[in-house]
Amino acid sequence: MKKLVNPFKPTAGAEPPVLIGREKVLEDFSDALEEGVGAPSRLMRITGPRGSGKTVLLTELGDIARERGWSVVDETASEKLVSSLVAALGQRAASPEASVDFDLGVVKAHVGTGAVEDSSKLTLREAMGRATSRRTGNPMGLLVTIDEVQDAAESDMREIASAVQHLIRERKNVAFVFAGVTTGVMDLINGPALTFLRRAKAEELGAIPLDEVSVALRASIEKSGMRVSDAALDDMARATEGYAYLIQLVGYHVWRMARRHAGESLTITQEDSSEGVKEALRDFNVAVHETALADLPLKAVEYLLAMTCDDGVSSTAEIADRLQTSPSSLTSYRRMLVKRQIIEPTARGFVAFSIPYTREYLMESRDALLARYGC
Ligand SMILES: Nc1ncnc2c1ncn2[C@@H]1O[C@H](COP(=O)(O)OP(=O)(O)OP(=O)(O)O)[C@@H](O)[C@H]1O
Ligand SMILES: [Mg+2]
């Protein structure tokens with residue numbers, strides 16, 4: 001019998017067995033690389049809540065660029081974003097064909113031949129300019145990706161935007177993609193002097209259609225040597241709510257349940273899916289909800305609990321009524337919750353939870369949550 005290996009990857013940044021619902025953005029990006037300087041998808045902003053698939057998408061875009069012989073520099077926002085970028089670009093330009101892949105998380109000693117000038121003395125614009133030329137002097141494509149941009153300093157983003165803008169004006173083959181949680185990214189790029197980044201092509205990672213989720217779940221399961229009944233597949237897809245991280249968690253746990261009876265039957269049943277989904281949601285609560293709600297002030301937790309009376313959208317005026325206070329006294333808490341992407345405005349005066357199963361989690365853990373504040 002073929003060895004059964006769980007194909008699902010419920011880990012941040014891990015490449016899923018099937019990348020679901022991203023054909024259009026991958027195609028747009030790939031076309032943009034062919035189309036040349038000025039193609040809109042060469043400048044892209046990817047936003048979405050935690051676990052919606054931003055990092056994985058950045059990796060895929062990087063792969064597309066590499067396949068076309070482009071140089072790719074991936075960075076995650078940190079205090080030293082610009083200097084890390086300059087160092088990474090310097091190494092890139094120093095490599096013999098300027099196309100060797102380095103582990104950019106670590107600044108390594110220069111390899112390659114001959115003396116290499118100290119790249120840390122270059123400005124970002126110079127470093128990027130050099131990375132767009134091969135040693136032979138031939139032009140070279142350069143993709144820069146930055147993840148977790150909501151944590152970047154505005155001054156760093158301004159410097160990066162300005163360098164990219166200049167390179168585009170100089171008709172260099174450059175692409176820039178940045179990703180982060182929606183509100184944080186929007187706050188940042190709506191700041192002064194970041195107009196250029198505001199024009200980036202927007203890719204908001206919302207829910208993936210459930211029919212696509214079903215097709216991909218079935219394909220991954222069958223490829224692994226198992227099968228799934230139609231009813232079980234339906235239950236699995238529905239439980240994911242089209243949310244990338246949940247797709248992997250549900251797939252992983254349901255598959256594990258079924259492996260227990262693999263000696264007798266290789267088909268995933270509704271019983272497996274029901275048990276597996278429960279396990280998946282337990283993991284999801286710990287990894288997503290508990291992290292999101294950690295160290296919130298009591299008033300913010302009360303705000304969330306007041307929202308659980310509604311099935312869907314909540315009116316901010318009604319939330320204030322329920323908490324027996326004025327809407328204006330809750331403004332700062334609402335803002336905090338929006339900024340952390342726990343809730344989001346749906347219309348003026350209305351909010352909803354941003355991540356699936358938040359309401360269920362809050363209802364189940366209400367007493368435990370309040371007990372943390374001595375209530
Ligand atoms: N298009 C997709 N189809 C199926 N699974 C996906 C897809 N994109 C991401 N995943 C899975 O979802 C999980 C989260 O992905 P990823 O780490 O990229 O999310 P993220 O938005 O970067 O999260 P965070 O905001 O926490 O950094 C991973 O387990 C990954 O394998
Ligand atoms: Mg990420």
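On a predicted model such as this, the values are computed, not experimentally measured, just so you know. We count ligands from 1, going down the list as the structure has it; atoms in each ligand are counted the same way.
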Proximal ligand 1 atoms for [X], defined as those under 4.0 Å from one of its heavy atoms:
X      : value
Gly13  : 16 (P), 17 (O)
Gln248 : 4 (C), 5 (N), 11 (C), 29 (O), 31 (O)
Arg22  : 1 (N)
Pro16  : 4 (C), 5 (N), 6 (C), 7 (C), 31 (O)
Pro49  : 21 (O)
Ala244 : 5 (N), 6 (C), 7 (C), 8 (N), 9 (C), 10 (N), 11 (C), 12 (O)
Ala14  : 30 (C), 31 (O)
Tyr245 : 12 (O), 13 (C)

Using a strict cut-off of less than 4.0 Å between a Lys/Arg side-chain nitrogen and an Asp/Glu carboxylate oxygen, indicate whether Arg359 and Asp311 qualify as a salt bridge.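 Salt bridge: yes.
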Note: Arg372-Asp295 ion pair, threshold 4.0 Å (strictly below):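 Looking at Arg372 and Asp295, the cut-off is not met.
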Relative to the ring of Phe284, is the ring of His289 parallel (under 30°), tilted (30 to 60°) or perpendicular (over 60°)?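 Perpendicular.
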Students should be able to answer this: which protein heavy-atom is nearest to [atom], and at what distance?
atom                    : result
atom 23 (O) of ligand 1 : Gly51 N, 2.8 Å
atom 20 (P) of ligand 1 : Lys54 N, 3.4 Å
atom 26 (O) of ligand 1 : Arg50 NH1, 3.3 Å

Keeping Glu75 on the side-chain end and Ile146 on the backbone end, is there a donor-acceptor pair under 3.5 Å?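 Judged by distance alone, no pair lies under 3.5 Å.
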Has Glu275 got a side-chain atom pairing as donor or acceptor with Asp272's backbone, closer than 3.5 angstrom?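 Judged by distance alone, no pair lies under 3.5 Å.
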Is Glu34 atom CD crowded by more than 12 heavy atoms from other residues, nucleotides or ligands, each under 6.0 Å away?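 Yes, enclosed.
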Using a cut-off of 6.0 Å, state whether more than 12 heavy atoms not belonging to Glu271 lie near its atom CD.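 Incorrect, the count does not exceed 12.
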Which heavy atom of Leu58 sits nearest a heavy atom of Ala179, and at what distance?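 Looking at all heavy atoms of both residues, the closest pair is CD1-CB, 3.8 Å.
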What's the shortest heavy-atom distance between Pro17 and Gln248, and which atoms?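 Result for this residue pair: CD-OE1, 3.3 Å.
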Any Leu61 side-chain heavy atom under 4.5 Å of Thr145 side chain: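 Not in contact.
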Residue part near ligand 1, for Thr11, under 4.0 Å between non-hydrogen atoms: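 For Thr11, only backbone atoms sit under 4.0 Å from ligand 1.
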Which bit of Leu205 is near ligand 1, meaning a heavy atom under 4.0 Å away: side chain, backbone, both or neither?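 None of Leu205 does.
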Give yes or no for whether the N/O distance cutoff of 3.5 Å, strictly under, is met between [X] and ligand 1.
X      : value
Ala12  : no
Lys9   : yes
Ile20  : yes
Gly53  : yes
Val181 : no
Val56  : yes
Pro10  : no

Measuring centre to centre across the rings, with the benzene-like ring taken for any Trp, is Phe176 within less than 6.0 Å of Phe178?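 Between Phe176 and Phe178, the centre distance is under 6.0 Å.
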What's the separation between atom CG in Leu89 and atom OG in Ser71, rounded to the nearest 0.5 Å?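 OG of Ser71 is found 8.0 Å from CG of Leu89.
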